[in-house]
2 protein chains.
Amino acid sequence: MTSDARIRSMSIQNRRERERAEREQLIVTAARELAETEGWDAVTTRRLAAEIEYSQPVLYSHFKGKDAIMAAVAVQGFAEMAAELRAARTAAEGTRESLAAVAEAYTSFGRRRPALYDAMFTHRVDLPFATQEAPQALWAAFGELSQAVEPIAAAGDDPGILTETFWAGLHGLVTLTRSTRLPEEAHEERLRLLIGRFVTP
Amino acid sequence: MTSDARIRSMSIQNRRERERAEREQLIVTAARELAETEGWDAVTTRRLAAEIEYSQPVLYSHFKGKDAIMAAVAVQGFAEMAAELRAARTAAEGTRESLAAVAEAYTSFGRRRPALYDAMFTHRVDLPFATQEAPQALWAAFGELSQAVEPIAAAGDDPGILTETFWAGLHGLVTLTRSTRLPEEAHEERLRLLIGRFVTP
DNA sequence: ATAGTTTTCTAGCAGCGCTAGGACTGATAT
DNA sequence: ATATCAGTCCTAGCGCTGCTAGAAAACTAT
């Protein structure tokens, strides 16, 4: 192989990797949009392949399987949620107001984007969560929650545990409401009550 | 048809109905056991049919489909949970102790019987929940929770809403822990914290 | 142009929930 | 006792799923 050829093949390889990365994003966004508009049941590998205008097996050259695609969508969701939580938190003033704003943003996210929320928090997915290998976007989202919760920690409270517990409350409200186990109606009231119980006066 | 024949055919019909009801129970318990030992993924209509030693279509002469079988398992689960919550509540003394006992019983149930819990609280199932048509066993379970929660209601709190919110907290803890979103480890601490925030001193 | 590598597609597997239509069983009437 | 009829149950199969082996095509390098 000549020197010229080596350089040429390098840039060709670059282009290929770039195109490959683009296609991977295409898959993830297509999966996400399909899930959000028609639900995860509609996201079959055949349908998804048709959507991106490639054949089925290409999906498997990017992801190990359907679950891995869902996991990728989830990670994208974490980033988005982190941004929304951050916006809500920084727009509010005062510890109680910040907490309320973040809590409202959280439940609003879950109810506005149910399919995305499912991929992130209810679907069985082999993403590392409470470990160091967890995706950065996940930590970012949890971090926003933490920053809103920590100021309301009482004397002996572990701030991390407190955040987790408050999170569990929000998560319970979102999932039970969405599955019609809880009536939609009194949602605001329940949220207010939860916040009231966590804010120590 | 003679009078004798009419009486005879009546009792035959009775026996048939009895046997049918027995077989229906057989299906529900088989589904439940299979789900608890191998998870709901293992509960296929074929496998279930083999388990009860009938062919696949008999399942559909009892239930509209697989979801309806899961719903029947869920209802059975509600009755069991109600009994466990009641036992915990009546064994404890004092409002805080009762609440703690019921909360502990609830999360323990969810962690001991994950498949059952899923059918009851996470799987999409078309059971009526917060309406009058909800199965009696469901009301019983919720009632146990209510009785433990109501004593800790503050002045302006709606007891029903308060129970729902506390329930959401428990549900969040159970589901997030089970899906490894929360580490198993600090579960007791989180539960203690949740109770502490809801009990007004 | 040819050889070799890499990418992409066609075709198919095993399993899923569910169902139509025929076979079988058993009670009734002659 | 036997023929009729009703009801029960099973065999076989449909269209779908996630996933994969091996052929075909596209592209690169000599």
Side-chain angles (χ1 to χ4, degrees), chain A residues 1-24 26-27 30-31 34-35 38-73 123-126, chain B residues 1-24 26-27 30-31 34-35 38-73 123-126:
Chain A
M1 198 193 253
T2 70
S3 173
D4 276 1
R6 202 176 311 124
I7 290 170
R8 199 176 336 124
S9 81
M10 275 271 284
S11 80
I12 284 172
Q13 197 135 346
N14 284 348
R15 190 210 60 205
R16 283 208 179 144
E17 281 172 19
R18 204 179 54 237
E19 287 174 348
R20 227 188 119 72
E22 277 168 16
R23 196 174 60 179
E24 191 155 317
L26 186 65
I27 293 171
L34 200 48
E38 303 187 37
W40 280 109
D41 284 350
V43 185
T44 69
T45 55
R46 272 167 247 266
R47 179 80 188 277
L48 191 51
E51 214 77 37
I52 62 169
E53 297 181 304
Y54 280 94
S55 75
Q56 231 179 331
V58 286
L59 300 175
Y60 294 87
S61 78
H62 288 273
F63 299 95
K64 215 179 69 186
K66 191 189 168 179
D67 285 359
I69 297 176
M70 289 189 71
V73 172
H123 190 81
R124 274 171 169 285
V125 70
D126 53 353
Chain B
M1 198 193 254
T2 70
S3 173
D4 277 2
R6 201 175 313 120
I7 290 169
R8 198 177 337 123
S9 81
M10 276 272 286
S11 80
I12 284 173
Q13 197 135 346
N14 284 349
R15 188 209 64 203
R16 285 215 176 135
E17 279 172 21
R18 201 177 58 238
E19 285 175 350
R20 226 186 119 72
E22 277 169 17
R23 197 174 59 179
E24 191 155 315
L26 186 66
I27 293 171
L34 199 49
E38 302 186 38
W40 280 108
D41 284 351
V43 185
T44 70
T45 55
R46 273 166 247 267
R47 181 81 189 277
L48 190 52
E51 213 75 38
I52 63 168
E53 296 181 305
Y54 279 96
S55 75
Q56 231 178 331
V58 286
L59 301 176
Y60 294 87
S61 77
H62 287 274
F63 299 96
K64 213 181 71 188
K66 191 189 168 179
D67 285 359
I69 297 175
M70 289 189 70
V73 172
H123 189 80
R124 273 176 171 284
V125 70
D126 54 352

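Residue numbers begin at 1 in each chain, while the letters A, B, ... track the order of the sequences. What you see is a predicted model; the values in this text were computed from it and never measured.
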Review point. Is it true that atom CZ of R20(A) has more than 12 heavy atoms of other residues, nucleotides or ligands lying nearer than 6.0 Å?
Key: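 Yes.
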Check your understanding: For nucleotides 16-22 of chain C, read 5' to 3', which letter fits each nucleotide if B means a protein heavy atom sits under 4.0 Å from the base, S means only the sugar-phosphate is that close, and - means neither?
Key -> BBBBB--
Atom-to-atom span, [atom1] of [X] to [atom2] of [N] - whole angstrom:
X: L59(B); N: dT11(D); atom1: CG; atom2: P; result: 14 Å
X: L48(A); N: dT17(D); atom1: CG; atom2: P; result: 12 Å
X: H123(A); N: dG18(D); atom1: NE2; atom2: P; result: 11 Å
X: M70(A); N: dG18(D); atom1: CE; atom2: P; result: 11 Å
X: F63(A); N: dG18(D); atom1: CZ; atom2: P; result: 15 Å

**Study point:** Exercise: identify the closest heavy-atom pair between V43(B) and A31(B)
**Key:**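 Minimum heavy-atom contact is CG2-O, 3.9 Å.
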Exercise for review: Could you grab the distance from atom CZ of R46(B) to atom CG of L59(B), nearest 0.5 Å is fine?
Suggested key: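 Answer rounded to 0.5 Å: 11.0 Å.
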**Study point:** Value rounded to 0.5 Å, distance of CG in D41(A) from CG in L34(A)
**Key:**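 These two atoms lie 11.0 Å from each other.
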Review point. Can you check side chain to side chain contact (heavy atoms under 4.5 Å, CB included) on L48(A) and I69(A), steps first, answer last?
Key: CA-CA 11 Å; L48(A) 191 51; I69(A) 297 176; 4.0 Å; yes
Enumerate the protein-to-nucleotides 5-9 of chain D contacts in which both atoms are nitrogen or oxygen and the separation is below 3.5 Å.
{"unit_1": "dC9(D)", "atom_1": "OP1", "unit_2": "R23(B)", "atom_2": "NH1", "d": "3.1"}
{"unit_1": "dC9(D)", "atom_1": "OP2", "unit_2": "R23(B)", "atom_2": "NH1", "d": "3.3"}
{"unit_1": "dC9(D)", "atom_1": "OP2", "unit_2": "R23(B)", "atom_2": "NH2", "d": "3.1"}

Practice item. Sort and list the pairs that fulfil salt bridge (Lys or Arg N to Asp or Glu O under 4.0 Å) and have at least one residue in residues 48-70 of chain B, not counting sequence neighbours. Key: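 Passing the test, one end in residues 48-70 of chain B: R47(B)-E51(B).
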Check your understanding: Does the pair S61(B) and R23(B) meet the rule for a side chain to side chain contact (heavy atoms under 4.5 Å, CB included), with working shown?
Key -> CA-CA 11 Å; S61(B) 77; R23(B) 197 174 59 179; 4.0 Å; yes
**Study point:** Flag side-chain contact, heavy atom, 4.5 Å: T45(B) against Y60(B)
**Key:**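 Yes, their side chains come closer than 4.5 Å.
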